[in-house]
Peer 1: 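Handing you this structure, nothing more for now.
Lettering of chains follows the sequences in order, A, B, ..., and the numbering in each one begins at 1. Atoms considered below: every heavy atom in the structure, side chains included; atoms not considered: hydrogens, waters and symmetry mates. Just so you know, these numbers come straight off a predicted model, no measurement behind them.
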2 protein chains.
Amino acid sequence: MPLSRRISDSTVRRLSHYLRVLELIQADGGVTVSSEELAKRGHTTAAQVRKDLSHFGSFGKRGLGYSVDELKDRLRTILGLDRLWRVILVGAGRIGSALFDYPDFKKRGYDCVAIVDTDPEKIGERWGERVIRPAEELESLIRELNVNLVILAVPASAAQVVAERSVNAGVKGILNFAPVQIQVPEGIPVENVNLVMELEALSFQINRASET
Amino acid sequence: MPLSRRISDSTVRRLSHYLRVLELIQADGGVTVSSEELAKRGHTTAAQVRKDLSHFGSFGKRGLGYSVDELKDRLRTILGLDRLWRVILVGAGRIGSALFDYPDFKKRGYDCVAIVDTDPEKIGERWGERVIRPAEELESLIRELNVNLVILAVPASAAQVVAERSVNAGVKGILNFAPVQIQVPEGIPVENVNLVMELEALSFQINRASET
DNA sequence: ACCTTCTTGTGAAGCTTTTCACAAGCGGTT
DNA sequence: AACCGCTTGTGAAAAGCTTCACAAGAAGGT
Ligand SMILES: NC(=O)c1ccc[n+]([C@@H]2O[C@H](COP(=O)([O-])OP(=O)(O)OC[C@H]3O[C@@H](n4cnc5c(N)ncnc54)[C@H](O)[C@@H]3O)[C@@H](O)[C@H]2O)c1
Ligand SMILES: NC(=O)c1ccc[n+]([C@@H]2O[C@H](COP(=O)([O-])OP(=O)(O)OC[C@H]3O[C@@H](n4cnc5c(N)ncnc54)[C@H](O)[C@@H]3O)[C@@H](O)[C@H]2O)c1
């Protein structure tokens, strides 16, 4: 069990995927599952499933497969879902309002504990249990509420500055919706969501397929 | 110029990235650009930039670099942005309303020509120039408006059915926001956006970094 | 016309990820 | 207690992707 090797990005995404599949299997009353089945319902092969899991230990029983319950717990621990993550949402615009209160976040332990915006019209507005705070309070909110993650839902021009301020205030990871590559200190993970890029990947593939 | 080899996903995403960088350079008045500079402002290396581009031809001049204008055009063609894409939005909920009229889509040639929903409260509602149509009209709208792409912004339970209906009606690609792996016929590209997965990738990396 | 400087395009090397293949192990059956 | 069917865990092979390194070519100066 090579617990210290680097884990590839694709492996992590697949783990996340396996977890979701396990939840579905559990909801259907499944008790054990083979790598074969996990692969079929995921998007991959049985060997890949086993290799992915083997990076973190050996959770299965030969001849039987994996205990759904146990594997689910293991994956939750591996993915860091065995604790609560405190998230601040920066930018209460269109994408921000979709993300806020997205139930799947809460279900996985991501709790949006604060929202900030610069727009005086929006500051003070109540969203569910939260009130939109002015952007100047970003640092103090992060410190006082012990925020771990920031969701950047601001215009591209503001993203870099907000990211820097957030990291300086102690945030440990960034989910960035602005279509810019933000620069952060070594060791602070950033995940980018770029929807234009996704559409471009589609049109590229469609074009390519039609080129015979 | 190996025009027929398979292009990796990561290459396509970088092309998309280069295009954005080129637009920024052009806005700053840049006329030519070297792979070195493109790499610095992207997220990669000069060799990678050249290798990526070399799959599609040789667009540069040795000693000089690339013409910003020309490379931009070439990339637009490669990514399929030299035409208009007609998009239907299925699901006029929170994420759907954020996506609709997202200006960056229009700027790249993706035009949301129709919106459908099942909710009687929403049907008939006007969003900008569009009116939300009942979901039963999905197929007829796709055919009549010559829709190429579908954005799935419906609950996970509805995603598979909507995807199948859309493909049967002639859609050529799917951007899926529902957190399920949808099954489609060979040759229909699907891009998935799974935000929970992105957050999980962050918490995984944060956990891992703190394990010394 | 030649030399210098710069940067591309590209095989080859190096590295990472995926797939293969099979010994090892578990549980049920005879 | 030995056998059998099944599935894991894992080295080794294969495939895929990135980096290296350099010849080839372009522009400008002398
Ligand atoms: N709408 C979409 O579908 C969509 C999709 C993908 C990416 N994005 C990106 O997400 C970001 C936000 O998009 P949107 O459509 O929600 O825009 P929006 O204009 O609706 O919202 C942006 C919000 O950020 C606030 N803001 C601006 N500067 C700020 C700052 N320094 N600190 C805090 N708040 C600030 C604004 O007041 C506004 O409320 C943009 O970068 C956009 O490119 C949007
Ligand atoms: N809100 C988010 O931040 C977010 C983020 C990522 C992914 N998602 C996913 O996107 C999807 C939509 O999320 P949402 O938050 O917008 O939910 P929502 O409930 O706000 O919107 C869903 C909409 O789809 C409509 N709908 C349901 N069945 C339909 C059908 N068969 N045909 C057409 N329309 C139908 C509903 O009437 C509703 O208007 C979900 O799968 C969700 O998991 C949401």
Side-chain angles (χ1 to χ4, degrees), chain A residues 1-18 21-22 25 30-72 74-75 78 201 204 208, chain B residues 1-18 21-22 25 30-72 74-75 78 201 204 208:
Chain A
M1 196 230 302
L3 237 181
S4 50
R5 261 224 328 290
R6 209 194 150 267
I7 303 299
S8 79
D9 225 56
S10 19
T11 297
V12 178
R13 307 197 120 220
R14 282 191 300 265
L15 293 178
S16 185
H17 215 280
Y18 303 153
V21 171
L22 285 170
I25 290 174
V31 171
T32 62
V33 66
S34 66
S35 56
E36 186 65 40
E37 191 184 343
L38 224 33
K40 210 177 298 163
R41 303 189 52 169
H43 207 209
T44 181
T45 65
Q48 183 76 80
V49 172
R50 297 200 298 274
K51 185 65 95 181
D52 284 341
L53 296 178
S54 78
H55 292 132
F56 302 96
S58 49
F59 314 137
K61 279 209 175 65
R62 294 172 191 224
L64 275 198
Y66 302 87
S67 147
V68 172
D69 249 17
E70 189 200 328
L71 186 55
K72 213 187 82 182
R74 298 296 197 114
L75 287 178
I78 292 167
F204 173 83
R208 187 137 262 259
Chain B
M1 196 227 306
L3 238 182
S4 50
R5 262 226 326 290
R6 208 193 150 267
I7 304 298
S8 80
D9 225 57
S10 20
T11 296
V12 179
R13 307 196 121 220
R14 282 192 300 266
L15 293 178
S16 185
H17 215 281
Y18 303 153
V21 171
L22 284 170
I25 291 172
V31 172
T32 62
V33 65
S34 65
S35 55
E36 186 65 40
E37 191 183 343
L38 223 33
K40 210 178 297 163
R41 302 189 53 170
H43 208 211
T44 180
T45 65
Q48 182 77 78
V49 172
R50 296 200 298 275
K51 184 66 92 183
D52 285 341
L53 296 178
S54 77
H55 292 131
F56 302 96
S58 49
F59 314 137
K61 279 210 175 66
R62 294 172 191 225
L64 275 198
Y66 303 87
S67 148
V68 173
D69 250 17
E70 190 201 328
L71 186 55
K72 213 187 82 182
R74 298 296 199 112
L75 286 178
I78 292 167
F204 173 83
R208 188 137 259 260

Peer 1: Counting any heavy atom closer than 4.0 Å, what does A:Ser10 reach on the DNA or RNA strands: base, sugar-phosphate only, or nothing?
Peer 2: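 Here A:Ser10 touches the backbone only, sparing every base.
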Peer 1: Starting at CD of A:Glu36, measure out to CZ of A:Arg50 and round the result to the nearest 0.5 Å.
Peer 2: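 Nearest 0.5 Å value for the CD-CZ distance: 8.5 Å.
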Peer 1: Which whole-number value in Å describes the distance from B:Gln48 CD to C:dT16 C1'?
Peer 2: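 From B:Gln48 CD to C:dT16 C1': 13 Å.
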Peer 1: Could you tell me the separation between the CG atom of A:Leu53 and the P atom of C:dT18, rounded to a whole number of Å?
Peer 2: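 Those two atoms, CG and P, are 13 Å apart.
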Peer 1: Over how many whole Å does the gap from B:Arg13 atom CZ to D:dT18 atom P extend?
Peer 2: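 Going from B:Arg13 (CZ) to D:dT18 (P), I get 13 Å.
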Peer 1: How many angstroms lie between OG1 in A:Thr32 and CD in A:Glu37, if you round to the nearest 0.5 Å?
Peer 2: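 Between atom OG1 of A:Thr32 and atom CD of A:Glu37 there are 8.5 Å.
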Peer 1: By a strict heavy-atom criterion of less than 4.0 Å, which residues belonging to residues 31-40 of chain B are in contact with DNA chain C?
Peer 2: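 The stretch gives B:Ser34, B:Ser35 as the residues lying under 4.0 Å from the strand, ordered by number.
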Peer 1: Just to confirm, is there a sub-4.0 Å distance from OP1 or OP2 of C:dC6 to any side-chain nitrogen or oxygen of B:Tyr66?
Peer 2: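 For B:Tyr66, the contact criterion (side-chain N or O under 4.0 Å from OP1 or OP2 of C:dC6) is not met.
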Peer 1: Atom NE2 in B:His17, atom CG in B:Leu22: separation rounded to 0.5 Å?
Peer 2: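 Reported to 0.5 Å precision, the distance equals 11.5 Å.
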Peer 1: How close do B:Ile25 and B:Arg41 get, heavy atom to heavy atom, and via which atoms?
Peer 2: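 Closest approach of B:Ile25 to B:Arg41, heavy atoms only: CG1-NH1, 3.5 Å.
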Peer 1: Could you state the atom-to-atom distance from CD1 of B:Ile7 to P of D:dC17 in whole Å?
Peer 2: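 Taking atom P of D:dC17 as the reference, CD1 of B:Ile7 is at 10 Å.
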Peer 1: Whole-Å distance between C:dT17 P and B:Asp9 CG?
Peer 2: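 My rounded result for the distance is 15 Å.
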Peer 1: Do the side-chain N or O atoms of B:Arg6 get closer than 4.0 angstrom to the phosphate oxygens (OP1, OP2) of D:dA15?
Peer 2: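 Checking D:dA15 against B:Arg6, no side-chain N or O comes under 4.0 Å of OP1 or OP2.
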Peer 1: Which value, rounded to the nearest 0.5 Å, describes the distance between A:Ser16 atom OG and A:Ile78 atom CD1?
Peer 2: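 So the gap between those two atoms works out to 12.0 Å.
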Peer 1: With heavy atoms under 4.0 Å as the rule, sort A:Thr45 into base, sugar-phosphate or nothing.
Peer 2: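 Sugar-phosphate only.
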Peer 1: Whole angstroms only, please: what is the CG-P distance between B:Leu71 and C:dT8?
Peer 2: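 Rounding to the nearest Å, CG of B:Leu71 and P of C:dT8 are 11 Å apart.
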Peer 1: Taking all non-hydrogen atoms of both residues into account, name the closest pair between A:Ala46 and A:Ala39 and its distance.
Peer 2: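 Answer, listing the atom of A:Ala46 first, then A:Ala39: N-CB, 3.4 Å.
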Peer 1: In Å, rounded to the nearest 0.5 Å, how long is the span from OG of B:Ser8 to CZ of B:Arg13?
Peer 2: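 Those atoms lie 11.0 Å apart.
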Peer 1: If the sugar-phosphate is the primed atoms plus P, OP1 and OP2 and the base is the rest, what is the B/S/- string for nucleotides 22-30 of chain C, using protein heavy atoms under 4.0 Å?
Peer 2: -BBBBS---
Peer 1: What integer distance in Å separates A:Glu70:CD from D:dT8:P?
Peer 2: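 So the two atoms are 13 Å apart, to the nearest Å.
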Peer 1: Rounded off to whole Å, could you give me the CG-to-P distance for the A:Asp52 and C:dT16 pair?
Peer 2: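 Answer to the nearest Å: 17 Å.
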Peer 1: Would you call B:Glu70 and B:Arg74 a salt bridge, using N to O less than 4.0 angstrom?
Peer 2: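 Looking at B:Glu70 and B:Arg74, the cut-off is met.
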Peer 1: Atom CG of A:Leu38 and atom CG of A:Leu53: how far apart are they, to the nearest 0.5 Å?
Peer 2: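 It is 7.0 Å, given to the nearest 0.5 Å.
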